[in-house]
Each structure stands twice: as C-alpha cells, then as structure tokens.
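Below you'll find the structure, written out as structure tokens, and then a few comments.
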Number of protein chains: 2
Amino acid sequence: MTIDLSKMRQKFREREYKLTPQRQMILQVFMDNRGKHLSAEDVHNIVRQQSNDIGLATVYRTLELLSELEILQKMDFGDGRSRYELNENSTPHHHHHLICITCGKVIEFEDDLLEDLENVIAKNSNFTIIDHQVKFYGHCQECREKREG
Amino acid sequence: MTIDLSKMRQKFREREYKLTPQRQMILQVFMDNRGKHLSAEDVHNIVRQQSNDIGLATVYRTLELLSELEILQKMDFGDGRSRYELNENSTPHHHHHLICITCGKVIEFEDDLLEDLENVIAKNSNFTIIDHQVKFYGHCQECREKREG
DNA sequence: GTATGTGCAAATTGTTTGCATCGCG
DNA sequence: CGCGATGCAAACAATTTGCACATAC
C-alpha cells in the first residue's frame, strides 16, 4: 500500500519525469522519517547530514513535484512554513492532526467519521469534496498534567 | 453576542492595552466586512481608501493583538498569507470552510456534527480539544457546471 | 509624565525564478 | 544527444524588528 522506490519509478515513467538521484534521495528521507512532518529546510538538513548536498531550490521543486504526484501530502500547521509527509494510503486520507497549543506537539489520529460529514456537507452545499484537512487545537495529556500538577 | 466597540474597549481595559484610533479603525474594518477573510494587506488598503493611513507594520501588530484577545480569528487558506475574520460567537465556532480547488472561492458552512467527533477524539487520544479548524477541498457548483458544460 | 503604541525603513524568513551547466532516458 | 533537472545567486513576498517620535491613560 505504501509508496516505495519502484512505485515511484513507475509514477515517474508514466509522466515522463526523470528519476534523478536528488529525487530518490528526497523520497528516501520521507521513507526514513515516516510520521514526521518535514519542512523543506528539514529535508535539506537531513540530506546534508548524510553528506549528500542538494540545492535548497531543488528541494522545493521536488517537494512540489512529489505533492503533485500525490506521493507527498503538503500541509500547513500555521508555523509559517509548509510541511510534508508521505501520502500513505492515497485518497481519502482519514488522517488528521491534534495540535497542542502549549507545546506545539502534533499528534496524528485516524478517523472515518468525517466521511459521513463529507457526505452531508456535499449534499447541503452542492460542493464536490475531494479532500479535507482537519486540525484540532487543544492541550495534550502531558501539558495538561503539567499544568494541573 | 457580537463584538462591538464597547466590548473591545472593555477587553482592552482589562488587559491594560491602549485603545488607539488605529486599533479602533481596524476593528471597524472587520465590522464593516463581516464574512470576509481579510489579509493584512486587505485591511491596510481598506483603511487607506478611507484616507486614514496606518503603517502596515501597525496593521500586522494589531491583527496579532486582536487575535490574541480572541476578537479576531486568524486563519490560513494556503494562499501564502494569513487571513482574519471577526470571531463572532467566541468558542467553539461551528464554522468551517469549503475551498474550491478550481477558482479558489471560499464558502462558509455551519455545522455541529463535528462536536460529536471532538468528543470521540478527546476520549481516544487523551487530548483536550479547545478549537478546531476544518477545510474541505473540492469543486464548487459553479466550476463543476462549467467543467461539465 | 511615562510606558506603550506608531511609522518608517531596514532586516528576516520562506519560497520562487533566471540562467548556465549537467546528466537521465 | 536533447531536453528536463540542478545549483547558485538574485528576486520576491509576507512578516518582523529597531528605533526615534508621538500619545493614551
């Protein structure tokens, strides 16, 4: 189900994009960092740590490309930079985020209830829904305990 | 229920912020533009049209302040700039957005179904949810008709 | 009167772009 | 081989910051 190099190779051939080492390297970064929400700079730094430098512009261009191919999913947590993660089980995602207001931690959760909601909304608003992004803001257990402590 | 100048005056006194003409003017812009999602630049332009110039930096600082006071709500539609609107009935909002991928139009919708979802999630994830922000991406009726046309 | 707020311009930050060069298919 | 991809540096756009001056309380 999950994307790997051969899947990516296939997607690239279909669309006649070149599979350069830089692009492979960036995919690898995401495969090595499942569950994290990496910014362009994060990716750039990780690659450099492996002493395999890539131009930052190339990182940006690749992230954009991989998002278009639906290999990555672009997301925004309101911290002023775009973040990306592997788009595990293509669409729809059923995968949302709890953002702790206190410590900024981002927790994932899976859910299907939103599907029903989508249907209701689609009917009421005459809007064809393709994707959704949900963020819940609140306090995580840890911060709550600290505060109440 | 809705915020007006006297409410704002009160909130400002509580926190010992000064109620300057610039700050009042910016609140007025939002009261005159209910339902719109204004960026800092939008606000700046509207004020200038009324031949009452305010420094752009002040606009930014005021938007930040008003968000902190929960008079405004900061939101992000992925167009590279923050947008703000009056935070009508304090928390929780029950007020979400449908974003058309084709034309970029933002449609509002009210909903309560998410409350149930919040409760389930809170229980499952041990997370105290204070607010949520939901964006649905898809095609609005108009664009759909054009495409099928 | 004094701490806070404002305006301006300069600095920062994230991201994009132009162009010469490189290398995948 | 040729065209798309890369790297660099310069350009951009949104936002932030330093500082002298102004003003609400």
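Not measured: the values here are computed from a predicted model. By convention in this document, chain letters (A, B, ...) are assigned in the order of the sequence lines, proteins followed by strands, and residues within each chain are numbered from 1.
From A:Ser82, atom OG reaches atom CD of A:Glu64 across 9.5 Å, with rounding to the nearest 0.5 Å. A distance of 11.5 Å separates OG1 of A:Thr58 from CG of A:Leu65, quoted to the nearest 0.5 Å. Taking CE from A:Met8 and CD from A:Gln28, the interatomic distance works out to 10.0 Å, rounded to the nearest 0.5 Å.
The base of D:dG7 lies close enough to the side chain of A:Arg61 for a donor and an acceptor atom to sit less than 3.5 Å apart.
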*Worked verdict on A:Asp42 versus A:Arg83 for salt bridge (charged side-chain N to carboxylate O under 4.0 Å, His left out)*: CA-CA 9 Å; A:Asp42 290 341; A:Arg83 296 184 168 278; 3.2 Å; yes
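Nucleotide D:dA5 holds its C1' atom 15 Å from the CD atom of A:Glu68, rounded to whole Å. Remark: C1' of C:dT15 and CG of A:Asp42 are 15 Å apart, rounded to the nearest angstrom. A:Leu56 has its CG atom 15 Å from the P atom of D:dA10, to the nearest Å. Look at CZ on B:Arg9: it is 13 Å from C1' on D:dC25, rounded to the nearest Å. For the pair B:Leu63 CG and C:dT6 P, the interatomic distance rounds to 12 Å; values are reported in whole Å. The OH atom of B:Tyr60 sits 18 Å away from the P atom of C:dT12 (whole-angstrom rounding). Between A:Leu65 atom CG and D:dG4 atom C1' the separation is 11 Å, expressed in whole Å. In this structure, the CD atom of B:Glu41 is 9 Å from the C1' atom of D:dA13, given to the nearest Å.
Between A:Arg81 and A:Asp76 there is no salt bridge, since none of the side-chain N atoms of the basic residue sits less than 4.0 Å from a carboxylate O of the acidic one.
For the pair A:Ile71 and A:Phe12, the minimum side-chain heavy-atom distance is below 4.5 Å.
The side chain of B:Ser82 contributes an N or O atom lying less than 4.0 Å from OP1 or OP2 of D:dT15. Under 4.0 angstrom from either OP1 or OP2 of D:dA5 there lies no side-chain N or O belonging to A:Thr62.
In this structure, B:Glu16 and B:Gly55 both approach DNA chain C, and ranking their closest nucleotides by distance from the 5' end singles out B:Glu16. Where B:Asp79 and A:Ile54 each meet DNA chain D at their nearest nucleotide, the meeting point lying more 5' is that of A:Ile54.
Residue-level contact check: B:Ser39 touches neither bases nor backbone, having no heavy atom under 4.0 Å from any strand.
Within residues 18-29 of chain B, the residues approaching DNA chain D are B:Lys18, B:Leu19, B:Pro21, by heavy-atom distance under 4.0 Å.
Which of D:dT17, D:dA14, C:dT15 sits closest to the side chain of B:Ala57 comes down to D:dT17.
More than 12 heavy atoms of other residues, nucleotides or ligands shown are found within 6.0 angstrom of NZ on A:Lys11.
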